[in-house]
Amino acid sequence: MRTLWMALCALARLWPGAQAGCAEAGRCCPGRDPACFARGWRLDRVYGTCFCDEACRLTGDCCFDYDRACPARPCFVGEWSPWSGCADQCKPTTRVRRRSVQQEPQNGGAPCPPLEERAGCLEYSTPQGQNCGHSYVPAFITTSAFNKERTRQATSPHWSTHTEDAGYCMEFKTESLTPHCALENRPLTRWMQYLREGYTVCVDCQPPAMNSVSLRCSGDGLDSDGNQTLHWQAIGNPRCQGTWKKVRRVDQCSCPAVHSFIFI
């Protein structure tokens, strides 16, 4: 067999067209394309018809120069757009951000990542500036990481940039939660996996979730004696909800990041 292979190589040197492949044929085709072929040596050392489409990697019949003539190019995407506003006012809903494809994947390159992300939100004012939303009894919460993104002025016109209020932190002991929280695996809702029964969590009350008159967050349980069962719901997945009891109010939250949330 080795002798035959050496003889074929020698023949290829004597016959210039014998090594023709994807480069000489000028072929590089996406997906599976039986018409995208050339004549020459294949990667499995067989001479004859070889292919220059992406599927040849799976079928093993690529031309010998496929990787060089048709290099894999991954997908490239642009930056995320700014977050949109909430889809509706005065009730839990979603916000969205998107990014566009700058370069489509070629020749088996890495596919494009998700081009859209959604996350829960709740706006506390109507387009006319009327305050709303604080009548909700459950506490609506999200990850404390979102607190870095929202601003007082953008979310609630009732708060001026000169309003000085440090807010407060409520500590709760989680009593129960639905199994839907543990099933969340989307990038912006993965924080729900860390909700656990029996754990003490910190929930920060900051503008604009804070009512500009009462300086309270809806569902904070501040008036509870500690024995009352209070309800909460995760923004972004209405099926992730549960109950907790108030532990205490403190000036600053000090829980681990995975157990730190904000009222929204």
Side-chain angles (χ1 to χ4, degrees), residues 80-99 113-126 131-150 155-156 169-206 208-211 216-224 226-247 253 255-264:
W80 285 111
S81 68
W83 282 107
S84 69
C86 288
D88 204 346
Q89 288 78 34
C90 306
K91 65 180 181 180
T93 182
T94 58
R95 66 193 196 280
V96 64
R97 65 177 181 175
R98 298 182 175 90
R99 55 186 174 184
L115 302 178
E116 180 179 288
E117 286 186 343
R118 293 180 178 269
C121 63
L122 177 61
E123 287 192 357
Y124 286 90
S125 62
T126 65
N131 200 19
C132 63
H134 293 279
S135 60
Y136 288 106
V137 175
F140 291 99
I141 62 169
T142 188
T143 171
S144 60
F146 179 51
N147 201 35
K148 301 181 179 66
E149 299 180 21
R150 67 179 183 181
T155 312
S156 176
C169 178
M170 295 299 301
E171 292 184 1
F172 299 97
K173 184 176 181 180
T174 307
E175 297 286 314
S176 67
L177 69 158
T178 60
H180 300 93
C181 304
L183 300 177
E184 274 295 348
N185 197 35
R186 294 172 293 167
L188 293 172
T189 55
R190 196 172 294 143
W191 58 271
M192 299 178 194
Q193 294 181 352
Y194 299 100
L195 290 161
R196 295 285 191 276
E197 293 182 4
Y199 277 71
T200 297
V201 298
C202 294
V203 189
D204 213 359
C205 177
Q206 300 287 347
M210 184 186 294
N211 186 288
R216 294 269 301 276
C217 286
S218 179
D220 63 4
L222 193 57
D223 299 326
S224 169
N227 294 318
Q228 181 182 357
T229 298
L230 307 169
H231 294 268
W232 56 266
Q233 179 178 314
I235 289 289
N237 180 2
R239 296 188 297 175
C240 176
Q241 52 185 281
T243 61
W244 55 27
K245 291 183 178 180
K246 183 187 77 172
V247 176
C253 289
C255 296
V258 293
H259 296 145
S260 297
F261 310 100
I262 60 172
F263 291 103
I264 196 165

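A distance of 10.0 Å separates NZ in K246 from CG in N227, rounded to the nearest 0.5 Å. The OG atom of S260 sits 9.5 Å away from the CD atom of E171 when rounded to the nearest 0.5 Å. Going from atom CD1 of I141 over to atom CD of Q241 covers 11.0 Å, rounded to the nearest 0.5 Å. Atom CZ of R97 sits about 5.5 Å away from atom CH2 of W80, to the nearest 0.5 Å. Going from atom CH2 of W244 over to atom CG of L177 covers 11.0 Å, rounded to the nearest 0.5 Å. Between the OG atom in S176 and the NE2 atom in H231 there is a gap of 8.0 Å [rounded to 0.5 Å].
The minimum heavy-atom distance linking I235 with M192 is given by the pair O-CE, 3.5 Å. Listed here is the closest heavy atom pair of C240 and W232: O-CZ3, 3.8 Å. Closest approach of R118 and R98 over heavy atoms only: NH2-NH2, 4.1 Å. Closest approach of F263 to G219, counting heavy atoms only: CE2-O, 3.9 Å. When all heavy atoms of C255 and T200 are compared, the pair lying nearest together is SG-O, 4.2 Å. The two residues S84 and R95 make their nearest non-hydrogen contact at O-CB, 3.6 Å.
Here the side chains of I262 and Q206 are not in contact, with every heavy-atom distance at 4.5 Å or above. Side chains of C205 and R216 form no contact here, defined as non-hydrogen atoms less than 4.5 Å apart. A heavy-atom distance below 4.5 Å is found between the side chains of R186 and N237. Counting only heavy atoms from C-beta outward, the side chains of Y194 and Y199 never approach each other to under 4.5 Å.
Remark: side-chain polar atoms of T243 are not paired, donor with acceptor, to backbone N or O of T229 under 3.5 angstrom.
Using a 4.0 Å cut-off between charged side-chain N and carboxylate O, E175 and K173 make no salt bridge.
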Does Q193 form a side-chain contact (heavy atoms from CB on, under 4.5 Å) with N185? I'd like the steps, not just the answer. CA-CA 8 Å; Q193 294 181 352; N185 197 35; 3.6 Å; yes
Starting from the C-alpha separation in whole Å, work towards a yes-or-no answer on side-chain contact (heavy atoms from CB on, under 4.5 Å) for W191 and E184. CA-CA 8 Å; W191 58 271; E184 274 295 348; over 6 Å; no
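The SG atoms of C202 and C253 do not sit under 2.5 Å apart.
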